[in-house]
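To start, the structure under review is shown below, and the notes come after it.
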Amino acid sequence: QVQLAESGGGSVQAGGSLRLSCAASIYTFSYNCMGWFRQAPGKEREGIAAIYTGGGRRVYADSVKGRFTISEDNSKNTVYLQMNNLKPEDTAMYYCAADLASYDCYSGSWSSAPEYNYWGQGTQVTVSE
């Protein structure tokens with residue numbers, strides 16, 4: 001059974017930074033596609049970043065490219081999302097997800113929520129003007 005637990009959300013002013021963490025309870029942390037998604041009220045869930053754990057490949061949505069960085073710490077089975085220069089439109093619930101089909105990190109499927117097998121409960125990020 002895979003369990004994911006996000007932390008690090010909060011409220012910040014525009015231009016500020018936050019780092020989200022996703023601790024994964026998973027038999028084999030490496031060689032999975034781990035993604036970050038977000039969902040604002042009334043909007044669809046949006047894939048914003050993914051990393052192929054143990055392989056280094058990282059992908060980003062255009063909306064966050066250059067501001068957000070996804071990384072991993074294999075010793076802690078944890079994936080991070082460093083968010084800089086936050087904007088009010090970044091306000092959303094942020095979710096971590098695991099896709100055991102690692103090749104999805106190498107295709108456009110990385111941003112498709114149905115491709116992911118496991119999800120965390122989410123952490124709220126609120127960015128004010």
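Numbers for residues simply follow the sequence, beginning at 1.
Clustering of Ile, Leu, Val, Met, Phe, Trp and Tyr side chains at separations under 4.5 Å places W119 together with F37, V59, M93, Y95, W110, Y116. Other members of the cluster containing Y31 are Y52, Y106, with ILVMFWY side chains joined at under 4.5 Å, either directly or via other members.
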Exercise. Under the side-chain contact (heavy atoms from CB on, under 4.5 Å) criterion, do V64 and L81 qualify, and how do the steps go?
Worked result: CA-CA 11 Å; V64 305; L81 186 69; over 6 Å; no

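Counting only distance, with no hydrogens or angles, the side chain of T53 and the backbone of N32 share a donor-acceptor pair below 3.5 Å. Panel note: side chain E72, backbone G54; a donor-acceptor pair is recorded below 3.5 Å.
Other residues, nucleotides and ligands contribute only 12 or fewer heavy atoms inside 6.0 Å of the CD atom of Q121.
Sorted by first then second residue, the salt bridge (Lys or Arg N to Asp or Glu O under 4.0 Å) pairs that include residues 87-107, not counting sequence neighbours, are R38-D90, R67-D90. Listed by first and then second residue, the disulfide bond (SG atoms under 2.5 Å apart) pairs that reach into residues 60-120 are C22-C96, C33-C105, sequence neighbours excluded.
Taking OG of S111 as the reference point, atom CD1 of I48 lies at 11.5 Å (rounded to 0.5 Å).
None of T78, D73, N77 except one satisfies the side chain to side chain donor-acceptor pair (under 3.5 Å) rule with S75; the exception is D73. When E46, E44, R45 are each tested for a side chain to side chain donor-acceptor pair (under 3.5 Å) with Q39, only one passes: R45.
Side-chain contact between N117 and V2 is absent, with no heavy atoms from C-beta onward closer than 4.5 Å. At least one side-chain heavy atom of T69 sits less than 4.5 Å from a side-chain heavy atom of R58.
Between Y60 and I70, the closest heavy-atom pair is OH-N, 2.9 Å. Taking both residues in full, the closest heavy atoms of M34 and A98 are given as SD-CB, 3.6 Å, listed atom of the first, atom of the second, then distance. For S109 against E115, the heavy-atom pair with the smallest separation is O-CG, 3.7 Å.
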Review item, side-chain donor-acceptor pairs of residues 10-21, under 3.5 Å, at least two apart:
| residue | atom | partner | partner atom | Å |
| --- | --- | --- | --- | --- |
| S17 | OG | N84 | OD1 | 2.9 |

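Under the 4.5 Å side-chain contact rule for hydrophobic residues, W36 and Y80 do not share a cluster.
In this structure, K76 has no side chain to side chain donor-acceptor pair (under 3.5 Å) partners at least two apart in sequence or on a different chain.
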